[in-house]
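For reference, the structure discussed in these notes is given below.
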Amino acid sequence: MSLPNLFVSPLRCVFAALAVTVALAAHAQTGDTDFIAARDAFQTGDAARLDRVAPRLKGHLLEVYVAYWQLRLGLDDAGPERVRAFLTRADGMPLADRLRSEWLKSLGKRAQWDLFAEEYPKRVGDDVEMTCYALQWKRSKDGDSTLHDARAFWFSGQEQPDACQPLFAAMLARGSLTSADVWARVRLAHEAGNFRLAVRLIGELPAAERPDPRDLQRVDRGAAAALAKGDFRFASRAGRELALYALDRVARNDPAAAHEAWLRVRSQMPEPDRVYGNLIVAFNAGRSLSPFANQWYREADGAAQNELQRAWRVRAARRALAWKDVASAIEAMPEAQAQEPAWRYWKARALAHEGRDNDATRLYGSLATEHHFYGFLAAEAIGAAVMPVSEPIEVDSAAIAAFGERDAVKRVLALSAFDLRPEAIREWAYVVRGLDDDGLLLAAEYARRVGLYDRSINTAERTQRRHDFSLRYPTPFRESIAEAARDNGIDPALAFGLVRQESRFVAGIVSSAGATGLMQLMPATARWVAQQTGRVDYRALSLDEPELNAQLGTYYLRHVLDRLDGMPVLATAAYNAGPGRAQAWRAATELEGAIFAETIPFNETRDYVKKVLANAMFYQAQLGLPYVSLKQRLGVVEPRGMAAAASLPAPDRSEPR
């Protein structure tokens, strides 16, 4: 049966390969149009319309989703018999675990503890909200002795779910959360940039221990002016904490001004508060790429640091080429953090600078077998082979066919076609859970054949001992991407590496920010490129068309490469975060490309750049291209004065994500 017209648009947004169309057409059913209507009714919260459509979907492959949607829209009023009947029907499916979790939270919200107690042991996994409801239930039967278990959730710089608030209120009322605990969380909140939460928490303090409301308002209206004036009541904890709160607010935007003002007042602080204030300034200076960050971190010696502050301690030292500080900062990390690939690599570099070559080589050797950015750099450092060897499975057509006949796999295909991508991803996760390496590679090969490239890559990456890098680094739309790369003078390995990171080759995917297609083009960027390339009728362009998307995306990549010294590390950062930002992240002196990449202030962009460039290393082998080392790709980033941000007229591709 052919797919109805309403099916075409979402299908196009998920698959481009003909194989997908064939696979989906084989499973298309009478009622697909009704399913679309049911999906739309659920997404708009129209329960009445959903109830009218649902009877027409009896026997449909995705009928269980319609039943779930009906329950979900009226979950607070649904009787336990109806909910349990659905859980039995959907047993072994992600929908069952999802509904059970949502029902437990609904029961907790309504304090229906008997039903909660019966269902809670059957749950799969907990989150903070669920755990807080469970603690409320235990408190209802065991009393306040259970409150201690909620303490860990208090110490967070993020707002916690409503389910936790009654527990916090009880702890504050009983005194099991002290004023010191409140101030500790105030610090966590302003360190995380959650200033409204910090102010709300200050309101939880006893009246006699709070800052004067007028002083707090003065800081909130103008933290820089308040800090520069230095008029705080340093004799009281409230006054000192208010000064530190103001310091953090200023340092976030202007660490140099914060440091200058802090120098004038910090002598009035006791030692623990003084080193904590020094840490606030140093951490924000590090993230701002201040050349003084390493020096200011030295002033924070002795301050307790969280994971993020310790990471920026190392980055600040590396940016300053202070290799002894790099080594000592990594040595000071907890073992779990110090074993992360980045810190093992940079520790090896620091050891090499100290002349401890044997120790450095051992660290490099342990990294060189790992398949990531720092694995390549470590292998190059010791002259080892850097291209991992694939061990593909022997393709069994009968096994592939049998895999595709599983109901769960059919649901993945149908959900993908109906543009229900999160649901398809959850279904696929249940399909592949518990599989050994051979099973994972079979599933990945099936996904590749039907055009589920993102699921294929994700599944192939999960293998532990047997790997197939042709599945991890596939080349769909090979001609379109390669031709666009050639037309715009882009290294094809870099183009494929960028597409893999941007979209996992899902041709019509649209991000929450509106970026579309293989190369995730923002509308403003696509419009600008269209104008530059003489495509006058921009509105007629379909950015989910692989060939067009690749042409526009590689043109933009060429544009930023030309204006950023032809350096992939800068251009890749610019593609993700905008050319103005990439330009601003240069140092005042020459900077090794690997150091530049590791000290990018945006977490997403830093991870993105490293992954795209590592992807390019795999793709140069996949495409049979001449070998170019990762160190060569990274190069040396010239000082920021070598090129002006004003020379970059194209719009920023995206805001920080």
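In this chain, residues are counted from 1 in sequence order.
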Please find the pair of heavy atoms, one from [X] and one from [Y], that lie closest to each other, and give the distance.
X	Y	answer
Ala293	Ala316	CB-CB, 3.8 Å
Leu552	Ala530	CD2-N, 4.4 Å
Ile481	Pro476	CD1-O, 3.7 Å
Ser456	Ala444	OG-O, 2.8 Å
Leu494	Pro568	CD2-CB, 4.2 Å
Arg633	Ala493	NH2-CB, 4.1 Å

Within a strict 4.5 Å, meaning less than it, do heavy atoms of the [X] and [Y] side chains meet?
X	Y	value
Leu613	Leu634	yes
Arg406	Val431	yes
Val412	Leu452	yes
Tyr453	Val506	no
His467	Arg472	yes
Tyr619	Pro492	no
Leu471	Thr459	no
Tyr65	Leu420	no

Approximate separation, where rounding is to 0.5 Å, of [X] [atom1] and [Y] [atom2]:
X	Y	atom1	atom2	answer
Leu570	Arg586	CG	CZ	5.0 Å
Arg344	Leu367	CZ	CG	4.0 Å
Trp343	Met333	CH2	CE	5.0 Å
Asn488	Glu483	CG	CD	10.5 Å
Leu435	Leu442	CG	CG	8.5 Å
Trp312	Phe283	CH2	CZ	8.5 Å

Inset, instruction - Could you give me the CA-CA distance, side-chain angles and deciding distance for Asp437 and Thr463, then say whether side-chain hydrogen bond (donor to acceptor under 3.5 Å, both in side chains) is met? - result: CA-CA 5 Å; Asp437 284 357; Thr463 58; 4.9 Å; no
Inset, instruction - Taking the six-membered ring for Trp and the full ring for Phe, Tyr or His, determine whether the centres of Trp346 and His353 are under 6.0 Å apart. - result: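 Not under 6.0 Å, so no.
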Quick one: does [X]'s side chain have a donor or acceptor within less than 3.5 Å of a partner on [Y]'s backbone?
X	Y	result
Ser503	Phe505	yes
Gln520	Ala515	yes
Asn549	Leu543	yes
Ser629	Gln632	yes
Ser366	Leu363	yes
Asp468	Ser470	yes
Ser511	Gly514	yes
Thr605	Ala573	no
Gln309	Asn306	yes
Glu423	Leu415	no

Inset, instruction - Please report the C-alpha distance between Tyr345 and Arg349 in whole Å, then the side-chain angles of each, then the deciding distance to 0.1 Å, and finally whether the side-chain hydrogen bond (donor to acceptor under 3.5 Å, both in side chains) criterion is met. - result: CA-CA 6 Å; Tyr345 173 76; Arg349 289 284 302 274; 3.1 Å; yes
Legend entry - Cation-pi check, Arg500 onto Tyr473 ring (under 6.0 Å, within 45° of axis):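 Judged by the rule, Arg500 and Tyr473 form a cation-pi pair.
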Legend entry - Charged tip of Arg558 within 45° of Tyr555 ring normal and under 6.0 Å: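 Checked: cation-pi criterion not met.
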Inset, instruction - With side-chain hydrogen bond (donor to acceptor under 3.5 Å, both in side chains) as the test, would you mind laying out the steps for Arg504 and Asn458 before giving the verdict? - result: CA-CA 9 Å; Arg504 289 291 200 267; Asn458 175 274; over 6 Å; no
Does the distance from a Lys or Arg side-chain N to an Asp or Glu carboxylate O, for [X] and [Y], drop under 4.0 Å?
X	Y	answer
Glu405	Lys410	yes
Arg411	Glu427	yes
Lys611	Glu502	no
Glu445	Arg449	yes
Asp419	Arg39	no
Lys347	Asp359	no

Legend entry - Qualifying residue for ring-ring contact (aromatic ring centres under 6.0 Å, His included) with Phe618, from Phe376, Tyr627, Phe496: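 Answer to the ring-ring contact (aromatic ring centres under 6.0 Å, His included) test with Phe618 among Phe376, Tyr627, Phe496: Phe376.
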Inset, instruction - Give the intermediate values and the outcome of side-chain hydrogen bond (donor to acceptor under 3.5 Å, both in side chains) for residues Arg315 and Thr599. - result: CA-CA 6 Å; Arg315 293 185 183 117; Thr599 57; over 6 Å; no
Inset, instruction - Return the orientation label for the Tyr556 and His559 ring planes: parallel under 30°, perpendicular over 60°, tilted otherwise. - result: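 Correct class here is parallel.
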Inset, instruction - Kindly determine whether Lys610 and Glu598 satisfy salt bridge (charged side-chain N to carboxylate O under 4.0 Å, His left out), including the steps that lead there. - result: CA-CA 8 Å; Lys610 290 189 282 188; Glu598 183 55 49; 2.7 Å; yes
Inset, instruction - Go through the steps to decide whether Leu561 and Met567 satisfy the test side-chain contact (heavy atoms from CB on, under 4.5 Å), and finish with yes or no. - result: CA-CA 6 Å; Leu561 270 166; Met567 297 196 65; 5.7 Å; no
Donor-acceptor pair between [X] and [Y] side chains, under 3.5 angstrom:
X	Y	value
Arg318	Asn294	no
Gln337	Arg310	yes
Glu547	Gln551	no

Inset, instruction - Report the C-alpha distance between Val609 and Ile600 in whole Å, list the side-chain angles of each, state the deciding distance to 0.1 Å, and finish with yes or no for side-chain contact (heavy atoms from CB on, under 4.5 Å). - result: CA-CA 9 Å; Val609 167; Ile600 290 172; 3.8 Å; yes
Inset, instruction - Take Tyr364 and Tyr374 through the test side-chain contact (heavy atoms from CB on, under 4.5 Å) and record every step on the way to the result. - result: CA-CA 9 Å; Tyr364 285 138; Tyr374 285 113; over 6 Å; no
Legend entry - Arg466 vs Asp436, salt bridge (charged side-chain N to carboxylate O under 4.0 Å, His left out): CA-CA, chis, key distance, verdict: CA-CA 10 Å; Arg466 183 175 189 167; Asp436 61 14; over 6 Å; no
